[in-house]
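So the structure is just underneath, and the comments pick up after that.
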Amino acid sequence: MAPTEAAPLEAAPTEVGRDFIRDIVQADLDAGRTQTVVTRFPPEPNGFLHLGHAKSICLNFGIASEFGGACHLRFDDTNPTREEQLFIDSIQRDVRWLGFDWGEHLHYASDYFEQLYAWAEHLIRAGNAYVDDTPPEAMRAQRGTLTEPGQNSPFRYRSVDENLDLFRRMRSGEFPNGARVLRAKIDMASGNMNLRDPVLYRILHAHHPRTGDAWSIYPTYDFAHGQSDAIEHVTHSVCTLEFEDHRPLYDWLIEHLPVPSRPRQYEFARLNVSYTVLSKRHLTRLVTDKHVTGWDDPRMPTIAGIRRRGVPAAALREFVGRVGVARAYSTVDVAMLDSAIRDTLNPIAPRRMAVLRPLKLIIENYPEGTTETLEARNHPDNPDAGVRSVTFGRELYVEQDDFMENPPKKFYRLSPGKEVRLRYGYFVTCRSVEKGPSGAVVALRCTYDPASKGGNAPDGRKVQATLHWVAAADTVPAEIRLYSHLFNRPDPGADGDALADLNPDSLEVLSGCLVEPALLDAPVGEAVQFERTGYFALDPDSQPGRPVFNRTVALRDTWAKVQAGTNR
RNA sequence: UGGGGGAUAGUUUAGCGGUAAAACUCCCGGCUCUGACCCGGGCAUCCUUGGUUCGAAUCCAGGUCCCCCAGCCA
């Protein structure tokens, strides 16, 4: 039977049930509760975006594109005392780099200040909000505790007219910071602290990056967020778990205001990653206290730092996809990130040779004063990547780690009497070593087998190891920066101050590295594989003829594990 | 007896009454002109105690542990 017409008329089966939020969206669509899905990514522009934001960005923009909807980028700029244009710019750059497009939908909560203000008056008129003159400390005392109900403010029963008058005067700038606030009149005895007459507006004589000095009062997050969602017709307002307690307030405001749409808030567990921190507070401190060189320090878990390290956006998306979305508190092993980076880079990264810690190798039977050109593949599995020329000669450099004078049993690499292959080159055998005054090996004296040119011996004999190398006659000096975990424990700060857990060795700068000349053409930020070592990307700090490379991620190193095991 | 959430391998996640699935890590082995990649194999008292059921990670009841909330931050 040839079921020629069996192809379903429906488009490819929608990928349903990938996580509980997508389940909800699908169900809303199926039930007709939602016509077009609208999500939003709502950062406050007070810092750089990090891995945690990447999860939220992929979720919100991902849902929008999977369900044929839209995702807005909205700046939650309701607190001018901590927000800067620098962050607004960096956030847009990072979201774009991650591969997402908000189209026409670049919004700011500050765009809605006038509307929000009108709604505040609406609440006052309905007797649902009041101006409170209680000083902050007294207000805190009146709020009660987790186990005791709060006390009503003495200002709670002001007349609508008085409230309106005072609120307008707050707006006009008549009162100093902190003199009064506008509060929702809900329930001072609620078990949910957010419902104990939450503050909706506060007086802030501060210059706003976008509205300048037009306002002397600013809405709080709670008063701005849900209403902004409603104005933009956001259908699914996805945020992290710590806002769960705010949902009843979110809903209360939506229900008491004449908003144009009915958004719903859903929460998921925020991302935590081992050996790093993802709180703005900590990241800001790392930058301001100069524990790192900046927000884009390659050790930082920021998008900018990760990008500078050489990680492609696709790797971040892959990582986020592997991590999943759920409501359970969790900390992802940073090894999962590394794995996603390697898996993304392996099929596409061009191969090059670079010697990080050079050790001279002299081929005694190679004709002096001559060199030759060999062909090296740019990718082992992809012939389309082509080949390049590398220079071979009598004097070469190999990796110090690739030689041991007294090797342990499982050491495959070079040692006196041992034969190995130089990648794309010849078989060489170590005959003797030269030592410096301190007794350290400074050069290896070897012989080569001219018949093994290209990497294979005609007699079919095998070698256990293939080493990368660089020719003394044709090499470029480079600086290479090796990065490791910023913190030296998987849960920084678990015992107190996270900064006390900083890893003092998170950056190792290698200055005497030698790389093949083809690397001079490497584009900034795009990782290449240094064979047998790892993925590296050119850093903007590079000078002409003096490249600087960042290690994006190391290759898996089974030998290092074996060694670590035997040393124990 | 404040309110709100969460517990599935070392780590994330799937499972939605039919006898635990995937990725990462780790261990063993194979392959290899990268000790990479790749390919085999291994690694789970489903927090706990009871109950319902022919059958429970899934349903019910009671415990335990963990997280969030007392900003005029978001």
Side-chain angles (χ1 to χ4, degrees), chain A residues 17-19 23 42-44 46 76 78-79 81-82 132 134-136 139-141 143-150 177-183 189-196 198-204 217-218 220-222 224-225 239-248 267 269 271 274 280-281 319 321-340 342-343 346-347 351 353 376-377 380-381 410-413 421-425 427 454-456 462-468 490 529-534 554-562:
Chain A
R18 295 212 293 125
D19 59 64
D23 283 349
E44 182 188 15
N46 67 343
D76 236 326
T78 57
N79 186 348
T81 62
R82 9 190 287 162
D132 194 337
T134 309
M139 197 181 291
R140 193 186 323 128
R143 187 156 23 235
T145 69
L146 296 179
T147 53
E148 298 163 298
N177 286 357
R180 294 172 222 265
V181 295
L182 182 74
R183 293 227 259 171
S190 173
N192 183 344
M193 300 297 287
N194 295 116
L195 264 20
R196 321 248 263 226
V199 171
L200 269 21
Y201 269 91
R202 73 282 215 192
I203 298 171
L204 238 39
I217 56 173
Y218 290 91
T220 55
Y221 162 85
D222 285 306
H225 203 95
C239 61
T240 46
L241 247 28
E242 64 268 31
F243 290 100
E244 244 176 321
D245 287 350
H246 291 249
R247 189 173 357 114
E267 312 86 17
L271 176 67
S274 63
K280 204 109 76 176
R281 179 181 132 245
F319 169 66
R322 291 185 189 186
V323 159
V325 180
R327 286 177 66 88
Y329 305 91
S330 60
T331 298
V332 173
D333 190 340
V334 71
M336 222 186 267
L337 208 211
D338 292 342
S339 172
R342 290 192 200 101
D343 287 354
N346 180 44
R351 309 292 134 121
M353 292 199 287
R377 282 187 299 281
D381 311 317
K410 300 273 268 184
F411 188 79
Y412 299 158
R413 282 107 100 145
R421 172 169 39 232
L422 295 178
R423 190 147 166 86
Y424 311 119
F427 282 15
N456 286 298
K462 300 287 185 190
V463 289
Q464 282 186 113
T466 300
L467 310 186
H468 62 280
Q529 187 191 97
F530 289 0
E531 294 206 60
R532 303 210 306 133
T533 306
L555 251 29
R556 283 187 59 204
D557 188 349
T558 307
W559 168 239
K561 268 175 211 158
V562 171

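Just so we're on the same page: letters track the sequence lines, and every chain starts at 1. Side chains are part of it too, since the values below use all heavy atoms of this structure and drop only hydrogens, waters and symmetry mates.
At the heavy-atom level, A/Val463 lies nowhere under 4.0 Å from the strands shown. Among the protein residues, A/Pro149 comes within range of no part of the nucleic acid, since none of its heavy atoms lies under 4.0 Å from any strand. Using a 4.0 Å heavy-atom criterion, one finds that A/Tyr218 contacts no nucleic acid atom at all. Using a 4.0 Å heavy-atom cutoff across all strands shown, A/Gln529 reaches at least one base atom of the nucleic acid. A/Phe411 comes within contact range of at least one nucleobase, with a heavy-atom separation under 4.0 Å.
Across the protein-nucleic acid pair, A/Arg532 atom CZ and B/rG35 atom P stand 5 Å apart, rounded to whole Å. If you measure from atom CZ of A/Arg351 to atom P of B/rU32, you get 19 Å, rounded to the nearest angstrom. Counting to the nearest Å, the C1' atom of B/rG35 and the NE2 atom of A/His468 are 13 Å from each other. Separating the CD atom of A/Gln464 from the P atom of B/rC31 is a distance of 12 Å, rounded to the nearest angstrom. One interatomic measurement links the two molecules: CG of A/Asp557 to C1' of B/rC37, which rounds to 14 Å at whole-angstrom precision. When rounded to the nearest whole Å, the span between NZ of A/Lys462 and P of B/rU34 equals 11 Å. Rounded to whole Å, atom C1' of B/rA23 lies 15 Å from atom CG of A/Asp338. Counting to the nearest Å, the C1' atom of B/rA23 and the CG atom of A/Asp343 are 10 Å from each other.
In textbook terms, a nucleotide whose glycosidic angle is within 90° of 0 is syn, and B/rG71 is one such case.
Only the P atoms considered, B/rU19 is 15 Å distant from B/rG55, to the nearest whole Å. Atom name P, nucleotides B/rG63 and B/rU1: the rounded distance is 10 Å, in whole Å. Here the separation of B/rC31 from B/rU13, taken at their P atoms, is 38 Å to the nearest Å. Across the P atoms, B/rG2 and B/rA44 are found 40 Å apart, a figure rounded to whole Å. Straight-line distance between the C1' atoms of B/rC38 and B/rC65: roughly 43 Å, to the nearest whole Å. Going from the P atom of B/rC37 to that of B/rC24 covers 10 Å, rounded to whole Å. As rounded to the nearest Å, B/rG29 and B/rG62 have C1' atoms that lie 49 Å from one another. Across B/rC67 and B/rA56, the matching P atoms stand 33 Å from one another, rounded to whole Å.
Searching all strands for a Watson-Crick or G-U wobble partner of B/rG2 with both distances below 3.5 Å returns B/rC69. A 3.5 Å limit on both hydrogen-bonding distances identifies no Watson-Crick or G-U partner for B/rC46. With both pairing distances under 3.5 Å, B/rC59 is matched to B/rG51 as a Watson-Crick or G-U wobble pair. Pairing for B/rU11 goes to B/rA23, judged as Watson-Crick or G-U wobble with the two contacts each under 3.5 Å. B/rG40 is paired with B/rC28 under the criterion used here, namely a Watson-Crick or G-U wobble arrangement in which both key atom distances are under 3.5 Å. Look at B/rG35: it lacks any Watson-Crick or wobble partner with both distances under 3.5 angstrom.
Applying the salt bridge (Lys or Arg N to Asp or Glu O under 4.0 Å) test to A/Arg196 and every residue at least two apart in sequence or in another chain returns nothing. For A/Asn346, the side-chain contact (heavy atoms from CB on, under 4.5 Å) partners two or more places apart in sequence, or in a different chain, are A/Arg351, A/Gln529, A/Tyr535. Applying the side-chain contact (heavy atoms from CB on, under 4.5 Å) test to A/Arg532 and every residue at least two apart in sequence or in another chain returns A/Asp402, A/Arg413, A/Leu467, A/His468. Listed by chain and residue number, A/Thr145 satisfy the side-chain contact (heavy atoms from CB on, under 4.5 Å) test with A/Glu148 (two or more places apart in sequence, or in another chain). Among residues two or more places apart in sequence or in another chain, the ring pair (Phe, Tyr, Trp, His ring centres under 6.0 Å) test is passed with A/Tyr221 by A/His225, A/Phe243. The ring pair (Phe, Tyr, Trp, His ring centres under 6.0 Å) search around A/Phe427 returns none, not counting sequence neighbours. Not counting sequence neighbours, the partners of A/Asn79 by the side-chain contact (heavy atoms from CB on, under 4.5 Å) test are A/Glu44, A/Thr81, A/Arg82, A/Glu83, A/Arg202, A/Leu204. Listed by chain and residue number, A/Phe167, A/Phe223 satisfy the ring pair (Phe, Tyr, Trp, His ring centres under 6.0 Å) test with A/Tyr201 (two or more places apart in sequence, or in another chain).
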Tell me, for nucleotides 69-74 of chain B in 5' to 3' order, what letter each nucleotide earns: B for a base near a protein heavy atom under 4.0 Å, S for only sugar-phosphate near one, - for neither?
BBSBBB
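Donor-acceptor pairing under 3.5 Å is lacking for the side chains of A/Ser339 and A/Arg556. A side-chain donor-acceptor contact under 3.5 Å links A/Asp132 and A/Thr134.
Closest contact between the side chain of A/Thr558 and the listed nucleotides B/rA36, B/rC24, B/rC37 involves B/rA36.
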Are there any protein N/O atoms within less than 3.5 Å of an N/O atom in nucleotides 8-12 of chain B, and if so, which ones and at what distance?
{"unit_1": "B/rU11", "atom_1": "O3'", "unit_2": "A/Thr331", "atom_2": "O", "d": "3.2"}
{"unit_1": "B/rU11", "atom_1": "O2'", "unit_2": "A/Thr331", "atom_2": "O", "d": "3.0"}
{"unit_1": "B/rU11", "atom_1": "O2'", "unit_2": "A/Asp333", "atom_2": "N", "d": "3.4"}
{"unit_1": "B/rU12", "atom_1": "OP1", "unit_2": "A/Thr331", "atom_2": "N", "d": "3.0"}
{"unit_1": "B/rU12", "atom_1": "O5'", "unit_2": "A/Thr331", "atom_2": "O", "d": "3.3"}
{"unit_1": "B/rU12", "atom_1": "O2'", "unit_2": "A/Val323", "atom_2": "O", "d": "2.6"}

Using atom names, set out every protein N or O paired with an N or O of nucleotides 26-29 of chain B below 3.5 Å, distance rounded to 0.1 Å.
{"unit_1": "B/rC26", "atom_1": "OP1", "unit_2": "A/Lys561", "atom_2": "NZ", "d": "2.8"}
{"unit_1": "B/rC26", "atom_1": "OP2", "unit_2": "A/Lys561", "atom_2": "NZ", "d": "3.3"}

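Contact record, A/Leu195 with A/Ser190: CB-OG, 3.6 Å, taken as the closest heavy-atom pair.
Side chains of A/Leu271 and A/Phe319 form a contact here, defined as non-hydrogen atoms less than 4.5 Å apart.
Comparing A/Gly425 and A/Glu244 against RNA chain B, the residue whose closest nucleotide sits nearer the 5' end is A/Glu244.
Ring centers of A/Tyr412 and A/Trp559: at least 6.0 Å apart, outside the cut-off.
Residue A/Arg18 places none of its side-chain N or O atoms closer than 4.0 Å to OP1 or OP2 of B/rA14.
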Could you list the donor-acceptor pairs under 3.5 angstrom formed by side chains in residues 323-333 of chain A, with sequence neighbours left out?
{"unit_1": "A/Arg327", "atom_1": "NH1", "unit_2": "A/Glu267", "atom_2": "O", "d": "3.1"}
{"unit_1": "A/Arg327", "atom_1": "NH1", "unit_2": "A/Glu267", "atom_2": "OE1", "d": "3.2"}
{"unit_1": "A/Arg327", "atom_1": "NH2", "unit_2": "A/Glu244", "atom_2": "OE2", "d": "2.4"}
{"unit_1": "A/Asp333", "atom_1": "OD1", "unit_2": "A/Ala335", "atom_2": "N", "d": "2.9"}

